**Q** 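There's a structure below that I have some questions on.
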Amino acid sequence: MKTKLLRGRVLDFVAEPQSIDDSSAYRYFEDGAVLLSGGKIAACGEWSDIRGKMPEDCPVADHRPHLILPGLIDPHIHFVQMQVVASYAANLLEWLNTYTFVEEQKFADPEHGARIAEAFFDTLVRHGTTTAAAYCSVHGASAEAFFAEAEKRNMAMIGGKCMMDRNCPEALRDSPQQGYDETKALIEKWHGRGRANYAITPRFAITSTPAQMEMVQALIDEFPDAYVQTHLSENSEEIAFTMELYPEHPDYLGVYEYYGLLGNKSLFGHAIHLSDREVGMMAETASVAVSCPTSNLFLGSGLFDHDLLNNAGVPIGVATDIGGGTSFSMLKTMDEFYKIQQLHGQRFNPLMAFYRMTLGNARALLLADRIGTLEAGSDADIVALNAQATPEMALRYQSVSSLSEELFLLQTLGDDRAVVETYVSGKPMKAGLGE
Ligand code: GUN
Ligand code: ZN
């Protein structure tokens with residue numbers, strides 16, 4: 001079995017940090033090491049302890065003085081929107097109609113899907129992201145391209161083809177039956193194959209008729225183990241339009257509730273403008289609110305309230321939402337998330353940010369037994385980060401005197417340049433697939 005040892009300053013989380021001094025929430029080894037074997041983590045701890053467990057002539061990747069963390073996790077991203085990023089629009093619905101629904105039509109061509117999938121995973125890895133929950137286009141071929149390319153790299157990915165049968169261009173519509181049939185075939189082929197998981201993906205209530213929502217419900221009943229992903233309460237016009245289309249329901253979440261979409265494997269992107277009833281129902285059903293800060297600022301959608309949802313017991317994820325979002329970097333994403341909480345007058349400390357990018361997002365995806373941690377037995381998805389990656393970071397680093405200051409520097413000034421290496425299933429991947 002292939003073994004390898006990573007040496008560096010090792011950090012992972014074991015619980016959600018309750019304050020900036022909460023050292024019980026993480027493990028940190030100043031002179032630490034992680035032993036990898038067969039794509040898994042065999043051991044993690046002090047270098048002085050781990051070195052004794054190393055087989056003879058085990059290769060060592062010496063990352064000192066950099067930090068070694070679990071790979072970063074992005075629980076809401078549109079792989080088909082790489083060429084939508086930076087599209088100038090007044091708001092969500094204008095942005096969707098003017099750019100996004102035009103761009104996604106290109107994925108009718110499987111070759112386009114295959115080319116973008118390759119670029120997508122290269123880009124994630126370059127940014128230190130090792131797992132994502134991704135939206136494909138309505139075309140089954142785009143989901144095929146997504147999963148095939150992830151499998152080549154042995155990456156743990158969640159994805160699904162969008163289901164849409166109204167309020168979008170004709171070329172992007174499936175029928176309720178077609179959406180059901182194609183989704184079912186994709187689940188049967190990909191869900192649980194290697195490191196892949198499928199997410200049943202009705203794009204949002206606006207683009208699905210009640211007939212399609214019934215098909216979504218049938219799929220959930222048939223495949224209760226699959227994820228569900230959709231959008232919820234991102235923008236005020238979107239909410240008003242949803243309530244026009246579904247007037248018999250008490251609120252936006254009520255539509256999804258009626259069709260059986262709520263649950264602990266259900267990921268609701270944005271979740272900004274929620275009523276008390278909706279917050280309570282999300283908590284009761286353990287439905288996940290996935291915040292997308294760079295997107296919410298870029299599209300002027302609103303300000304996600306971390307403490308409100310967290311205190312209510314709603315599971316939370318934080319994600320890029322490329323291409324509404326403006327960066328693939330989870331560091332930059334947490335920087336913007338921090339600023340949004342500042343506007344709410346909340347303290348969102350850097351331990352919380354690094355928890356969210358790793359164990360927190362793994363928990364939101366119910367994958368914390370495998371990723372988001374450096375526990376022995378978990379998958380060897382790991383990132384090495386350099387807090388002195390740019391001249392200005394190096395200069396600022398000179399006055400850093402604690403771990404949380406270093407994390408805050410990484411979060412505030414860092415991006416892909418701070419990613420020294422990304423290991424996927426124990427393999428260094430930053431240089432590319434290396435076929
Ligand atoms: N709501 C429905 N589709 C989308 C999308 O592609 N991006 C964002 N940000 N919101 C959506
Ligand atoms: Zn989205």
Side-chain angles (χ1 to χ4, degrees), residues 74-107 116 120 132-139 142 146 158-169 172-174 179 199-208 212-213 216 227-242 245-246 252-253 255-256 261 266-273 288-304 317-328 333 336-337 340 364:
D74 182 351
H76 184 121
I77 184 165
H78 296 256
F79 118 75
V80 290
Q81 293 177 14
M82 289 192 81
Q83 293 180 302
V84 179
V85 182
S87 293
Y88 181 74
N91 55 45
L92 170 67
L93 298 180
E94 182 184 307
W95 175 84
L96 278 173
N97 289 317
T98 314
Y99 308 102
T100 310
F101 288 159
V102 176
E103 173 65 24
E104 291 191 11
Q105 293 181 46
K106 292 188 197 159
F107 288 80
I116 300 297
F120 180 74
Y135 287 66
C136 306
S137 69
V138 74
H139 314 94
S142 75
F146 173 82
I158 299 169
K161 86 161 211 96
C162 278
M163 299 167 76
M164 294 198 270
D165 69 341
R166 64 169 165 183
N167 292 317
C168 64
L172 285 185
R173 292 184 200 184
D174 53 9
I200 299 165
T201 309
R203 187 185 199 115
F204 63 161
I206 288 177
T207 44
S208 288
Q212 181 158 72
M213 294 304 271
V216 169
Y227 290 87
V228 175
Q229 60 181 355
T230 189
H231 297 85
L232 169 70
S233 287
E234 173 176 1
N235 159 288
S236 46
E237 290 97 50
E238 171 213 16
I239 297 168
F241 190 21
T242 302
L245 294 169
Y246 287 95
Y252 196 158
L253 189 75
V255 179
Y256 296 142
L261 269 67
S266 299
L267 311 171
F268 293 96
H270 307 288
I272 301 170
H273 311 282
V288 183
V290 184
S291 175
C292 306
T294 69
S295 168
N296 298 159
L297 294 171
F298 181 72
L299 294 172
S301 301
L303 307 175
F304 180 92
V318 183
T320 64
D321 189 33
I322 290 292
T326 51
S327 173
F328 283 87
T333 299
E336 299 304 299
F337 189 78
I340 289 175

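Throughout, numbering of the chain's residues begins at 1 and tracks the sequence. None of these values were measured; they are calculated from a predicted model. Just so you know, ligand 1 is whichever comes first in the structure, and atom 1 is the first atom listed for that ligand. The basis for the numbers below is simple: all heavy atoms, side chains too, and nothing from hydrogens, waters or symmetry mates.
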**Q** Please name all residues satisfying ring-ring contact (aromatic ring centres under 6.0 Å, His included) with Tyr256, sequence neighbours left out, ordered by chain then number.
**A** Tyr252, Phe268

**Q** Should you measure from each heavy atom of Phe204, which atoms of ligand 1 turn up under 4.0 Å away?
**A** 1 (N), 2 (C)

**Q** Using the rule given for side chain to side chain contact (heavy atoms under 4.5 Å, CB included), can you reason through His76 versus Tyr135, listing the C-alpha separation, both sets of side-chain angles and the distance that settles it, and then say yes or no?
**A** CA-CA 8 Å; His76 184 121; Tyr135 287 66; 3.6 Å; yes

**Q** Taking all non-hydrogen atoms of both residues, which atom of Phe101 and which atom of Cys168 are closest, and how far apart?
**A** CE1-CB, 3.9 Å

**Q** Which bit of Leu92 is near ligand 1, meaning a heavy atom under 4.0 Å away: side chain, backbone, both or neither?
**A** side chain

**Q** For atom 10 (N) of ligand 1, what is the closest protein heavy atom, and at what distance to 0.1 Å?
**A** Glu234 OE1, 2.7 Å

**Q** Is Asp321 in polar range of ligand 1, meaning some N or O pair under 3.5 Å apart?
**A** yes

**Q** What's the verdict on ring-ring contact (aromatic ring centres under 6.0 Å, His included) for Phe146 and Phe107, showing C-alpha distance, side-chain angles and the deciding distance?
**A** CA-CA 11 Å; Phe146 173 82; Phe107 288 80; over 10 Å; no

**Q** Quick one: which ligand 1 atoms are inside 4.0 Å of a heavy atom on His78?
**A** 5 (C), 6 (O), 7 (N)

**Q** If we ignore hydrogens and angles and just use 3.5 Å, is the side chain of His139 paired with the main-chain N or O of Lys106 as donor and acceptor?
**A** no

**Q** Give the residue, atom name and distance (to 0.1 Å) of the protein heavy atom nearest atom 1 (N) of ligand 1.
**A** His231 CG, 3.4 Å

**Q** Where do His270 and Leu232 land on the side chain to side chain contact (heavy atoms under 4.5 Å, CB included) test, with the steps shown first?
**A** CA-CA 6 Å; His270 307 288; Leu232 169 70; over 6 Å; no

**Q** Test side chain to side chain contact (heavy atoms under 4.5 Å, CB included) on Asn296 and Glu336; report intermediate values, then the result.
**A** CA-CA 10 Å; Asn296 298 159; Glu336 299 304 299; over 6 Å; no

**Q** Is the side chain of Lys161 donor-acceptor paired with the backbone N or O of Val138 at a distance under 3.5 Å, no angle test?
**A** yes

**Q** How far is atom 7 (N) of ligand 1 from its nearest protein heavy atom, and which residue and atom is that?
**A** Trp95 CZ3, 3.4 Å

**Q** Between Ile206 and Leu245, is any pair of side-chain heavy atoms under 4.5 Å apart?
**A** yes

**Q** Is the contact between Leu96 and ligand 1 made by the side chain, the backbone, both, or neither, using heavy atoms and a 4.0 Å cut-off?
**A** side chain

**Q** For the Zn ion (ligand 2), what is the number of protein N, O or S atoms at a distance under 2.8 Å?
**A** 4

**Q** Using distance alone, determine whether Glu238 and ligand 1 share an N or O pair under 3.5 Å.
**A** no

**Q** Counting only N and O atoms by type, is there a donor-acceptor contact under 3.5 Å from the side chain of Glu103 to the main-chain atoms of Gln81?
**A** no

**Q** Pairs of nitrogen or oxygen atoms closer than 3.5 Å, one from Arg203 and one from ligand 1: do any exist?
**A** yes

**Q** Which heavy atom of Thr207 sits nearest to which heavy atom of Gln212, and what is that distance?
**A** O-OE1, 3.7 Å

